[in-house]
Amino acid sequence: MKFRHLELEQELEWSETTHLCELVVENRHFMRRLYEDLSVQEENPKVSITEDGRPLEFEKQIDVVFNPLRLNFDNRRAVTTLLKLLVKTSLSEDFYITTNNLKAKILKYLDEIVNVEDFIFEVTTDDFAMDSLAKAVNMHIISDDDDFIEVLTDYCAMMTELAGVKIFVLINLRSLINNDELERFHHNLDNHQIRALLIENYDHGKNAKIPRILIDEDRCEI
């Protein structure tokens, strides 16, 4: 997997053992344009992330997180992911019988209500998915604010497995975490086989384990 920008000579590359890269942009003008490039994908984008030579789809396969403190677990994409997880789990070997029994009870209950009121319609369905029940009770994802790194890791793992995200672009994450937390996050990415790109507007120091490009105030690539 590779990250390219049309205005940069260098590129970043992830391998089977490289899961985290960093792009440091000290030039404010270029950083603003990079924000725009990541926010609005034009017909001929300047930013591209490719896998095996094929560009990833920004809408489906790339998750750009501009504020890591506000992961917004309840956005449409995340909630859709949660519902897929519930359906998948409800049909697993451990819950299959319980799920079918619950569906039968719900249908029986609704049928009894209809009969009591002597309505002129009936309750009938071949099947219904558990995501319909989850929507009815307004189920949503919550996070444990006590451990930011674990919350971030859980979010990335969930979106990777069920939403098809291939890579996470995290803006100014290192401004929010210390070096020990960075090491933990890097370790978690390795364990989950998740790829991420850190984009920083300040040089927090080079980590020997993390490939990076630094663009200084004069637009020199280091």
Side-chain angles (χ1 to χ4, degrees), residues 1-72 75 77 149 152-153 155-157 159-160 163-179 181-190 192-222:
M1 186 176 293
K2 294 182 180 181
F3 169 89
R4 297 183 180 90
H5 192 286
L6 290 181
E7 297 183 22
L8 299 180
E9 294 181 2
Q10 300 183 57
E11 62 184 25
L12 289 167
E13 184 171 3
W14 292 259
S15 65
E16 292 185 3
T17 57
T18 302
H19 297 98
L20 185 61
C21 291
E22 182 179 32
L23 175 64
V24 181
V25 183
E26 295 182 329
N27 184 285
R28 292 172 176 81
H29 180 64
F30 186 78
M31 187 63 161
R32 288 197 302 270
R33 287 162 56 190
L34 182 58
Y35 267 45
E36 293 175 357
D37 295 335
L38 293 170
S39 301
V40 180
Q41 287 300 300
E42 302 175 352
E43 184 175 347
N44 298 305
K46 293 182 179 179
V47 175
S48 69
I49 300 178
T50 60
E51 184 177 40
D52 298 327
R54 296 186 296 273
L56 299 182
E57 298 181 56
F58 265 82
E59 289 294 324
K60 297 179 180 180
Q61 298 175 306
I62 302 172
D63 191 355
V64 182
V65 180
F66 286 96
N67 186 350
L69 287 177
R70 296 180 62 86
L71 291 173
N72 192 12
N75 64 28
R77 194 175 187 186
I149 296 301
L152 184 58
T153 302
Y155 175 83
C156 292
M159 297 298 284
T160 297
V165 174
K166 296 275 189 175
I167 189 169
F168 297 84
V169 180
L170 305 167
I171 310 297
N172 289 328
L173 176 65
R174 293 191 65 180
S175 297
L176 305 173
I177 63 177
N178 58 36
N179 288 333
E181 290 173 318
L182 176 63
E183 289 289 344
R184 282 184 55 211
F185 183 56
H186 194 182
H187 176 73
N188 290 348
L189 293 177
D190 287 342
H192 289 278
Q193 298 291 297
I194 295 172
R195 292 183 173 87
L197 170 64
L198 304 180
I199 295 182
E200 305 288 334
N201 62 4
Y202 177 79
D203 183 7
H204 295 274
K206 182 173 175 55
N207 186 308
K209 302 176 184 177
I210 303 175
R212 82 165 187 174
I213 298 173
L214 187 149
I215 303 170
D216 66 14
E217 290 281 3
D218 299 323
R219 281 289 306 273
C220 296
E221 299 178 30
I222 303 173

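Computation of the quantities below employed the complete heavy-atom set of this structure, encompassing side-chain atoms and omitting hydrogens, waters and symmetry-equivalent molecules. This structure is a prediction, so every number in the text was calculated from the model and none was measured.
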> Checking the side chain of Gln10 only, and the main-chain atoms of Ile213 only, is there a donor and an acceptor separated by less than 3.5 Å?
no
> Show me the pairs that pass ring pair (Phe, Tyr, Trp, His ring centres under 6.0 Å) and involve residues 10-39, at least two apart or across chains.
His5-Phe30, Tyr35-Phe66
> Measuring from atom CD1 of Ile62 to atom CG of Leu38, what distance do you get when rounded to the nearest 0.5 angstrom?
8.5 Å
> Supply the atom-to-atom distance Arg195 CZ to Ile49 CD1, rounded to the nearest 0.5 angstrom.
11.5 Å
> Can you see which heavy atom on Thr18 is nearest to which on Cys21, and at what distance?
CG2-SG, 4.1 Å
> Given the rule in the side chain to side chain contact (heavy atoms under 4.5 Å, CB included) test, do Leu170 and Phe185 qualify, once you have shown the distances and angles that lead to the verdict?
CA-CA 12 Å; Leu170 305 167; Phe185 183 56; 3.7 Å; yes
> Just jot down the side-chain hydrogen bond (donor to acceptor under 3.5 Å, both in side chains) partners of His187, sequence neighbours excluded, or say none.
Asn191
> Do any pairs count as a salt bridge (charged side-chain N to carboxylate O under 4.0 Å, His left out) and have a residue in residues 196-207, sequence neighbours left out, and if so which ones?
Asp203-Arg212
> Please give me the minimum heavy-atom distance between Leu189 and Ala196, naming the atom from each residue.
CD1-CB, 3.9 Å
> Could you walk me through whether Ile199 and Met31 pass side chain to side chain contact (heavy atoms under 4.5 Å, CB included), step by step?
CA-CA 9 Å; Ile199 295 182; Met31 187 63 161; 3.7 Å; yes
> Only counting residues at least two apart or in another chain, list the ones meeting salt bridge (Lys or Arg N to Asp or Glu O under 4.0 Å) with Arg4.
Glu11
> Looking only at heavy atoms, which two atoms of Pro68 and Leu173 are closest? And how far apart?
CB-CD1, 3.9 Å
> Going by the rule side-chain hydrogen bond (donor to acceptor under 3.5 Å, both in side chains), which residues pair with Asn201 if we only count those two or more places apart in sequence or in a different chain?
none
> Which residue pairs pass the ring pair (Phe, Tyr, Trp, His ring centres under 6.0 Å) test when at least one of the two sits in residues 203-222, sequence neighbours left out?
Tyr202-His204
> If every non-hydrogen atom of Glu7 is compared with every non-hydrogen atom of Glu221, which pair is closest and at what distance?
O-OE2, 4.1 Å
> Report the residues that fulfil side-chain contact (heavy atoms from CB on, under 4.5 Å) with Asp52, sequence neighbours left out, ordered by chain and then residue number.
Arg54
> The test is side chain to side chain contact (heavy atoms under 4.5 Å, CB included); show your working for Glu51 and Gln61 and say whether it passes.
CA-CA 11 Å; Glu51 184 177 40; Gln61 298 175 306; 5.6 Å; no
> Any donor and acceptor pair, going by atom type alone, linking the side chain of Glu22 with main-chain N or O of Ile210 inside 3.5 Å?
no
> Of all residues at least two apart in sequence or in a different chain, which pass the side-chain contact (heavy atoms from CB on, under 4.5 Å) check with Glu13?
Lys2
> Using side-chain heavy atoms (C-beta onward) and a distance below 4.5 Å, is Ile215 in contact with Leu23?
yes
> With sequence neighbours excluded, what pairs up with Thr17 under the side-chain contact (heavy atoms from CB on, under 4.5 Å) test?
Ser15
> With sequence neighbours excluded, tell me which residues meet salt bridge (Lys or Arg N to Asp or Glu O under 4.0 Å) with Glu217.
Arg28
> How long is the span from the OG atom in Ser48 to the CZ atom in Phe58, to the nearest 0.5 Å?
8.0 Å
> Out of curiosity, Thr160 OG1 to Tyr155 OH, how far, rounded to the nearest 0.5 Å?
9.5 Å
> If I compare all heavy atoms of Leu20 with all of Pro211, which pair ends up nearest, and what's the gap?
O-CD, 3.3 Å
> Residues in salt bridge (Lys or Arg N to Asp or Glu O under 4.0 Å) with Glu183, at least two apart?
Lys209
> If you round to the nearest 0.5 Å, how far is CG of Asn188 from CG of Leu152?
9.0 Å
> Which residues pass the side-chain contact (heavy atoms from CB on, under 4.5 Å) test with Arg184, not counting sequence neighbours?
Asp147, Ile149, Glu150
> SG of Cys156 to CG of Leu71: how many Å apart, nearest 0.5 Å?
7.5 Å
